[in-house]
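Predicted model only: the values in this text are computed from it and were never measured. Whatever order the structure lists them in is the order used to number ligands and atoms, beginning at 1.
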Amino acid sequence: MPDYGLRGQAAVVTGSTSGIGRAMAAALAGEGVDVVLNGFGDAAGIEAARAALAAASGVRVLYHGADMTRPAEIADLVGFAHRELGRLDILLNNAGVQHVAAIEDFPPEKWDQIIAINLTSAFHATRAAIPIMKAQGRGRIVNLASAHGLVASPFKSAYVAAKHGLVGFTKAAALELARSGVTVNAICPGYVRTPLVEAQIADQAKARGIPAERVVEDVILAAQPNKAFVEYPQLAGLLLYLASDMGAATTGAALSVDGGWTAA
Ligand code: NAD
């Protein structure tokens, strides 16, 4: 493993009580980065995960329960990280939710929720982080987008709209910050077998009228030419690269980790 030179830095990872966010927070902590976790879940379970990560990595691991639909709480999360850890080097805008339904059946409140969590929360967190990172003369903002930030699939209109929006926001922010030492990039994974995807298997089966066991093969891995789920270390490697000095010239990019999905 290369030395990414991140020891002593501080990160916020939104939506890190589960799935990709939890794995990325662990990868950062493993490189000596102090981390603020965020996300929903059972309080005792979150505290156990927080304490276990702190013990395993030897860095400071804190938790803030900001709801990513609430702008004031998002600003408070970023302020909390800066106050408690003394700096803020890495912001990973990762929190996200999904809902799978045809547009004419799509509940409007689900549309609003997905746009708020998957897109607008990244604006609020970035807005709060920019003054801190500019004052430091260095920062790394990484937006966890998706292959669905680059191409569409049916029955995921809100998610596809939010992720395309997140890629656009990434580009605009990168241009604004291009001379500040702060980079902004989007990671666009294909399918990763997290709780978010497990839930979709049932929803996709209903929307498409096929048995759940056929969804993995015919729908999910059908999109990925390498016929394999993306694994957490394959995302962590890119995140650590972007966070390091090696990533300094990469900004405004939407980087695919999708087994060839968006090459088709
Ligand atoms: P997940 O369901 O395992 O985790 C989502 C996290 O977001 C959880 O910690 C949850 O508590 C948190 N969260 C949800 N709503 C929140 C809110 N209102 N406020 C604060 N936290 C909230 O999902 P995942 O698969 O790990 O997804 C993480 C990110 O990766 C999402 O942005 C998702 O769109 C993206 N992504 C996932 C895949 C995949 O195949 N799993 C592929 C591409 C992109």
Side-chain angles (χ1 to χ4, degrees), residues 12-27 35-43 45-46 49-50 53 63-78 80 91-100 109-110 112-122 124-125 142-153 156 158-167 169-170 186-201 203-204 215-216 219-221 223-224 228-232 234-236 238-239 254-259 261-262:
V12 168
V13 182
T14 71
S16 45
T17 53
S18 173
I20 295 171
R22 179 151 73 185
M24 296 308 105
V35 179
V36 176
L37 303 175
N38 157 261
F40 294 155
D42 150 69
I46 291 172
R50 186 207 63 75
L53 182 56
Y63 169 75
H64 188 288
D67 179 339
M68 288 295 124
T69 64
R70 299 192 174 172
E73 294 185 23
I74 298 168
D76 194 59
L77 162 66
V78 172
F80 169 81
L91 169 64
L92 179 57
N93 289 310
N94 166 82
V97 292
Q98 175 63 286
H99 186 78
V100 178
E109 61 279 10
K110 280 282 174 202
D112 289 344
Q113 184 203 28
I114 289 173
I115 299 297
I117 298 171
N118 296 20
L119 173 59
T120 310
S121 77
H124 291 296
V142 180
N143 296 320
L144 216 307
S146 168
H148 283 123
L150 303 170
V151 296
S153 295
K156 295 186 179 178
Y159 189 88
V160 167
K163 295 297 189 181
H164 275 68
L166 188 56
V167 168
F169 176 66
T170 300
I187 296 180
C188 299
Y191 282 102
V192 189
R193 196 150 193 169
T194 67
L196 181 142
V197 167
E198 296 289 354
Q200 275 180 62
I201 294 173
D203 290 347
Q204 284 272 16
V215 171
V216 169
V219 180
I220 294 185
L221 294 184
Q224 290 193 193
F229 283 100
V230 177
E231 305 287 341
Y232 294 136
Q234 297 161 351
L235 297 174
L238 180 53
L239 171 64
L255 299 157
S256 294
V257 186
D258 66 3
W261 176 349
T262 52

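Using 4.0 Å as the threshold, Gln113 has no heavy atom nearer than that to any atom of ligand 1. Under a 4.0 Å heavy-atom criterion, Ala199 is not in contact with ligand 1.
The protein atom (non-hydrogen) at minimum distance from atom 12 (C) of ligand 1 is Gly15 CA, 3.6 Å. Nearest to atom 21 (N) of ligand 1 among the protein's heavy atoms is Gly39 CA, 3.6 Å. Here the heavy atom of the protein found nearest to atom 23 (O) of ligand 1 is Leu196 CB, 3.3 Å. Nearest protein neighbour of atom 19 (N) of ligand 1, counting heavy atoms only, is Met68 N, 2.8 Å. The protein non-hydrogen atom at the shortest distance from atom 5 (C) of ligand 1 is Gly96 O, 3.7 Å. Of the protein's non-hydrogen atoms, the one nearest atom 34 (O) of ligand 1 is Tyr159 OH, 2.5 Å. Protein heavy atom nearest atom 26 (O) of ligand 1, with residue, atom name and distance: Ile20 N, 2.8 Å. The shortest contact between atom 42 (C) of ligand 1 and any protein heavy atom is with Gly190 O, 3.1 Å.
Considering backbone and side-chain N/O of Thr194, one or more are found under 3.5 Å from N/O of ligand 1. Ligand 1 has a nitrogen or oxygen under 3.5 angstrom from a nitrogen or oxygen of Asp67. Ligand 1 has an N or O atom lying under 3.5 Å from an N or O atom of Phe40, backbone or side chain. In terms of N/O distances under 3.5 Å, ligand 1 is approached by Val192. Close N/O approach between Pro189 and ligand 1 is not found [any backbone or side-chain N/O within under 3.5 Å]. Considering backbone and side-chain N/O of Ala147, none are found under 3.5 Å from N/O of ligand 1. Not one N or O of Ser146 is nearer than 3.5 Å to an N or O of ligand 1, by distance alone.
Paired with His64 under the rule side-chain contact (heavy atoms from CB on, under 4.5 Å), one option of Asp76, Ile74, Thr14 passes, and it is Asp76.
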- request: Determine, step by step, whether Gln234 and Phe229 satisfy the side chain to side chain contact (heavy atoms under 4.5 Å, CB included) criterion, reporting the C-alpha distance in whole Å, the side-chain angles of both residues, the deciding distance to 0.1 Å, and the verdict.
  value: CA-CA 10 Å; Gln234 297 161 351; Phe229 283 100; over 6 Å; no

task: Any chance you could lay out the side chain to side chain contact (heavy atoms under 4.5 Å, CB included) test for Ile115 and Thr120, step after step, and finish with the verdict?
output: CA-CA 6 Å; Ile115 299 297; Thr120 310; 3.9 Å; yes

- request: Report the C-alpha distance between Leu37 and Val13 in whole Å, list the side-chain angles of each, state the deciding distance to 0.1 Å, and finish with yes or no for side chain to side chain contact (heavy atoms under 4.5 Å, CB included).
  value: CA-CA 6 Å; Leu37 303 175; Val13 182; 5.6 Å; no

query: Which is it for Met24 and Val35 under the side chain to side chain contact (heavy atoms under 4.5 Å, CB included) test, yes or no, and what are the steps along the way?
result: CA-CA 10 Å; Met24 296 308 105; Val35 179; over 6 Å; no

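Between Val230 and Leu235, some side-chain heavy-atom pair lies under the 4.5 Å cut-off. Side-chain contact between Val97 and Tyr159: absent, with no pair of heavy atoms (C-beta onward) separated by less than 4.5 Å. At a threshold of 4.5 Å between non-hydrogen side-chain atoms, the residues Val197 and Val192 do not count as touching. Inter-residue side-chain proximity for Leu92 and Leu144 is flagged as met; some heavy-atom pair is nearer than 4.5 Å. Between Leu77 and Met68, the closest side-chain pair of non-hydrogen atoms falls below 4.5 Å. Side-chain contact between Tyr63 and Thr17 is present, with heavy atoms from C-beta onward closer than 4.5 Å. Counting only heavy atoms from C-beta outward, the side chains of His99 and Gln113 never approach each other to under 4.5 Å. Counting only heavy atoms from C-beta outward, the side chains of Asn38 and Val12 never approach each other to under 4.5 Å.
Short contacts between ligand 1 and Ile117, defined as distances under 4.0 Å to a heavy atom of the residue, involve ligand atoms 15 (N), 18 (N). Listed by number with element, the atoms of ligand 1 under 4.0 Å from a non-hydrogen atom of Asn38 are 20 (C), 21 (N). Numbered from 1 in the order shown, with element, the atoms of ligand 1 that lie under 4.0 Å from a heavy atom of Asn94 read 28 (C), 29 (C), 30 (O), 31 (C), 32 (O). Ligand 1 places these atoms under 4.0 Å from at least one heavy atom of Leu144: 30 (O), 32 (O), 35 (C). Proximity to Ala66 (heavy-atom distance under 4.0 Å) selects the following atoms of ligand 1: 19 (N), 20 (C). Below 4.0 Å from some heavy atom of Ser18 lie the following atoms of ligand 1, by number and element: 1 (P), 3 (O), 4 (O), 8 (C), 9 (O). Atoms of ligand 1 lying under 4.0 Å from any heavy atom of Gly19, numbered from 1 in the order shown and given with element: 3 (O), 26 (O). Within ligand 1, the atoms closer than 4.0 Å to a non-hydrogen atom of Val197 are 39 (C), 40 (O), 41 (N), numbered from 1 in the order shown.
If you take NE2 on His124 and CG on Asn93, they are separated by 11.5 Å, rounding to the nearest 0.5 Å.
Of all heavy-atom pairs spanning Ala145 and Val167, the tightest one is CB-CG2, 4.0 Å. The two atoms that bring Thr262 and Ser256 nearest to each other are OG1-OG, 3.3 Å, heavy atoms only. Listed here is the closest heavy atom pair of Ala66 and Phe40: O-CE2, 4.4 Å.
Atom 9 (O) of ligand 1 has its nearest heavy-atom neighbour, among Val97, Thr17, Thr69, in Thr17.
Contact annotation for Arg193 and ligand 1: no heavy atom of the residue comes within less than 4.0 Å of the ligand. When heavy-atom distances to ligand 1 are checked against a 4.0 Å cut-off, Ser121 has no atom that comes that close, whether in backbone or side chain. Within the 4.0 Å heavy-atom criterion, the part of Ser16 lying near ligand 1 is the backbone and not the side chain.
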